[in-house]
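What follows is one structure encoded as structure tokens, with my remarks underneath.
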Amino acid sequence: MLLTPELAARIGEEVAYTAPEPLGRASIRYFALATGDTFAPHLTGEVAPPTLICETNQYAGLPRDEDGYAGHGWGLVVPGTRLVRGGNSYEFLGPIGPDAMITATWKLADMYERITGSGKRMLVVTSVARYTDQTGRLLATNEESLIYVER
Amino acid sequence: MSSAEYPPLERTIDLPDMIAYAGATWDWHRLHYDQAYLAARGLDRPVVDGQVFGAYLAIALREWFGPDAEITKLSFRFKNLVFAGETIRCHGTLRDLKDRHAVVDLRVEVADDGRVAVAPAEATVRLP
């Protein structure tokens with residue numbers, strides 16, 4: 001059984017991160033350059049590309065782990081598995097400018113077991129992030145699935 | 001309802017692109033650049049950060065629907081890894097169009113071998 005009682009008890013956990021500074025024109029421009037985005041308002045940093053706040057770890061302020069990763073995680077331990085990305089589902093509620101100070105609130109929404117086509121067990125972990133600015137305006141949501149697949 | 005396939009957006013993702021993306025997203029995971037880390041996991045090339053496909057799909061949608069269109073929803077599932085140096089194509093087909101909202105089926109493929117990187121995927125776009 002991958003979904004132990006200890007793991008199941010964590011469903012519903014929440015954690016919030018607030019960026020120590022506004023998103024900033026430089027961050028927007030850097031993201032546009034890195035993705036080959038030629039849309040002028042992105043290259044000048046006036047408006048953020050819609051997926052930026054769902055992709056960046058700018059807000060997290062976490063030390064990088066042994067894998068070099070410095071973004072949000074739940075620190076789940078699932079012995080005998082490897083971790084793969086499942087997918088993301090974004091909802092965008094309006095344009096985001098460089099002055100936005102992002103708060104990301106992550107919730108561990110669900111965990112359940114499935115069997116892969118090749119008969120291996122896997123644990124699907126669904127998290128939901130809500131991104132707000134310094135006025136409390138909801139900017140975007142991001143439902144993310146990570147999958148722990150039995151080795 | 002009508003349906004149309006849009007001209008695919010093509011990107012070759014070289015290691016400097018991946019390094020730039022890692023910096024721009026504050027994501028320094030070793031999968032994306034560290035050869036020794038990759039070799040220990042049986043991988044011979046850096047792995048492209050899957051989240052970048054969201055950015056590419058958003059760029060494609062803007063090219064297809066114009067600068068005044070607004071993406072309201074975007075979802076995608078990962079199928080296969082993509083590696084440094086590979087070329088990908090973002091495909092889109094109009095599924096539904098009503099009340100100034102377009103629903104688009106999306107897919108990302110690797111150009112060299114047709115491997116599916118991202119599918120299923122879809123977006124909703126509010127038209128001006």
Side-chain angles (χ1 to χ4, degrees), chain A residues 17 19 24 26-42 47-73 82-95 124 140-147, chain B residues 9-14 16-34 37 41-42 47 49-63 66-81 117-126:
Chain A
Y17 308 90
S27 291
I28 295 173
R29 185 165 67 91
Y30 189 5
F31 185 86
L33 290 170
T35 56
D37 187 338
T38 58
F39 188 46
H42 297 168
V47 178
T51 63
L52 190 161
I53 61 166
C54 301
E55 297 177 37
T56 184
N57 294 319
Q58 178 187 0
Y59 58 77
L62 294 168
R64 62 175 193 260
D65 63 19
E66 62 185 17
D67 294 320
Y69 182 67
H72 163 74
R82 63 185 175 88
L83 178 61
V84 298
R85 282 187 177 277
N88 292 83
S89 181
Y90 303 144
E91 186 167 7
F92 308 112
L93 291 109
V124 181
T141 62
N142 172 14
E143 182 177 306
E144 178 176 86
S145 63
L146 297 174
I147 305 171
Chain B
L9 175 89
E10 187 172 292
R11 284 278 191 281
T12 297
I13 310 170
D14 288 322
D17 301 307
M18 296 167 59
I19 297 297
Y21 183 77
T25 56
W26 302 55
D27 183 345
W28 313 303
H29 200 293
R30 296 178 190 276
L31 268 179
H32 309 313
Y33 57 87
D34 186 331
Y37 181 93
R41 286 153 182 80
V47 177
D49 186 336
Q51 284 202 290
V52 76
F53 299 121
Y56 291 157
L57 290 170
I59 292 169
L61 288 161
R62 198 187 57 252
E63 291 191 1
D68 296 325
E70 185 182 352
I71 303 167
T72 58
K73 294 180 182 176
L74 174 63
S75 62
F76 48 91
R77 296 193 65 78
F78 302 107
K79 282 290 185 197
N80 284 293
L81 298 178
V118 171
E122 71 170 57
T124 301
V125 181
R126 183 186 299 132

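In what follows, chains carry the letters A, B, and so on, assigned in the order in which the sequence lines appear, proteins first and then strands, with residues in each chain numbered from 1.
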How far does [atom1] of [X] sit from [atom2] of [Y], to the nearest 0.5 angstrom?
{"X": "B:F53", "Y": "A:N88", "atom1": "CZ", "atom2": "CG", "answer": "12.5 Å"}
{"X": "A:T51", "Y": "B:I59", "atom1": "OG1", "atom2": "CD1", "answer": "8.0 Å"}
{"X": "A:C54", "Y": "B:Q51", "atom1": "SG", "atom2": "CD", "answer": "8.0 Å"}
{"X": "B:R77", "Y": "A:S89", "atom1": "CZ", "atom2": "OG", "answer": "10.0 Å"}
{"X": "A:D65", "Y": "B:R30", "atom1": "CG", "atom2": "CZ", "answer": "9.0 Å"}
{"X": "B:Y21", "Y": "A:F31", "atom1": "OH", "atom2": "CZ", "answer": "5.0 Å"}

Where does [X] contact chain B at under 4.5 Å (heavy atoms): side chain, backbone, both or neither?
{"X": "A:T141", "result": "neither"}
{"X": "A:E143", "result": "neither"}
{"X": "A:P50", "result": "side chain"}
{"X": "A:I53", "result": "neither"}

Heavy-atom cut-off 4.5 Å, strictly under: side chain, backbone, both or neither for [X] against chain A?
{"X": "B:E70", "value": "side chain"}
{"X": "B:D49", "value": "side chain"}
{"X": "B:Y37", "value": "side chain"}
{"X": "B:A55", "value": "both"}
{"X": "B:I71", "value": "both"}

query = What orientation do A:Y90 and B:F76 show, parallel under 30°, tilted 30 to 60°, or perpendicular over 60°?
reply = perpendicular

Residues in side-chain hydrogen bond (donor to acceptor under 3.5 Å, both in side chains) contact with B:R11, at least two apart in sequence or another chain = none

key: Contacts of type salt bridge (Lys or Arg N to Asp or Glu O under 4.0 Å), residue B:D14, not counting sequence neighbours   = none

